[in-house]
*Asks:* 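Questions regarding the structure given below will be posed in turn.
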Amino acid sequence: ITTVMCVIKNIQNKNMLKGMNQEDLRAMEYGELGKDDIKTQSDNVEFSAFFTRDLDKDGNAEKIKGTCKEINSADTLYTEINISRGGYLENGQITLNAKNFTWTTSII
């Protein structure tokens with residue numbers, strides 16, 4: 001039964017990959033954001049930065065660690081800060097170090 005399930009899953013994955021564009025296929029290589037990716041130096045503060053893509057084509061976007069876009073096109077980098085258990089954020093900074101992109105920001 002396990003072998004049959006694996007074969008069915010592989011067929012489903014191949015069919016899903018056929019309909020994906022090159023940007024999404026490349027984005028899949030970065031992997032989804034996990035619990036280990038949101039830790040900071042404080043137990044009371046969690047930070048994450050991610051892009052989104054509907055990788056499994058179920059209508060819901062997954063949080064992914066990286067992106068792949070054509071030159072001169074845009075993508076959105078989301079950031080999320082959660083403060084819990086009476087913690088606080090003091091002098092918080094987000095620094096992006098790169099020479100191959102430009103960016104604009106808005107805080108909601």
Side-chain angles (χ1 to χ4, degrees):
I1 294 176
T2 304
T3 304
V4 173
M5 297 283 283
C6 289
V7 170
I8 291 171
K9 186 71 172 169
N10 286 337
I11 291 170
Q12 290 172 339
N13 288 340
K14 286 179 184 177
N15 288 336
M16 181 184 73
L17 293 176
K18 285 181 187 176
M20 297 186 91
N21 62 40
Q22 291 298 318
E23 289 178 353
D24 287 346
L25 289 171
R26 177 68 182 192
M28 288 178 75
E29 294 179 15
Y30 291 105
E32 288 188 49
L33 195 71
K35 285 285 185 190
D36 291 336
D37 300 313
I38 61 173
K39 294 181 179 178
T40 64
Q41 295 172 350
S42 170
D43 291 337
N44 296 333
V45 179
E46 294 179 339
F47 173 80
S48 61
F50 54 89
F51 298 90
T52 59
R53 292 284 186 289
D54 183 7
L55 298 177
D56 56 8
K57 303 301 181 198
D58 67 351
N60 298 309
E62 286 75 40
K63 296 177 181 179
I64 56 173
K65 298 178 193 177
T67 189
C68 178
K69 298 298 282 184
E70 291 287 330
I71 295 174
N72 293 325
S73 64
D75 207 349
T76 302
L77 172 65
Y78 296 92
T79 58
E80 193 171 70
I81 298 174
N82 293 307
I83 302 169
S84 61
R85 295 181 291 246
Y88 62 94
L89 179 65
E90 184 176 324
N91 299 324
Q93 296 180 359
I94 299 172
T95 304
L96 301 175
N97 295 319
K99 295 179 182 178
N100 65 346
F101 66 87
T102 59
W103 66 292
T104 59
T105 184
S106 62
I107 298 175
I108 300 173

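Quick caveat, the model's predicted, so the values are computed rather than measured.
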*Asks:* Not counting sequence neighbours, which residues clear side-chain hydrogen bond (donor to acceptor under 3.5 Å, both in side chains) with T52? List them please.
*Replies:*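 Partners of T52 by the side-chain hydrogen bond (donor to acceptor under 3.5 Å, both in side chains) criterion come out as none, since no residue qualifies.
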*Asks:* For D56 versus D54, what's the shortest heavy-atom pair and its separation?
*Replies:*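 Nearest pair, atom of D56 first, then D54: OD1-OD1, 3.2 Å.
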*Asks:* For R53 versus T67, what's the shortest heavy-atom pair and its separation?
*Replies:* NH2-OG1, 2.8 Å
*Asks:* Tell me whether I64 shares a hydrophobic cluster with L77, the cluster being built from Ile, Leu, Val, Met, Phe, Trp, Tyr side chains joined at under 4.5 Å.
*Replies:*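 Cluster IDs for I64 and L77 match.
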*Asks:* Run the side-chain hydrogen bond (donor to acceptor under 3.5 Å, both in side chains) test against N82 and tell me which residues pass, sequence neighbours left out.
*Replies:* none
*Asks:* What are the two closest non-hydrogen atoms of E62 and E32, and how far apart are they?
*Replies:* CG-OE1, 3.4 Å
*Asks:* So, for S48 and L33, which heavy atoms are closest and what is the spacing to 0.1 Å?
*Replies:* CB-CD2, 3.8 Å
*Asks:* Could you work out, with ring-ring contact (aromatic ring centres under 6.0 Å, His included) as the rule, every residue matching F51, not counting sequence neighbours?
*Replies:* none
*Asks:* Can you tell me how far OG1 of T79 sits from CZ of F50, rounded to the nearest 0.5 angstrom?
*Replies:* 8.0 Å
*Asks:* With the side chain counted from C-beta on, respond yes when T40 and E46 share a heavy-atom pair under 4.5 Å apart, and no when they do not.
*Replies:* no
*Asks:* Should we say atom CG of D43 is surrounded by more than 12 heavy atoms from elsewhere, each under 6.0 Å from it?
*Replies:* no
*Asks:* Roughly how far, to the nearest 0.5 Å, is CD of E80 from CZ of F47?
*Replies:* 9.5 Å
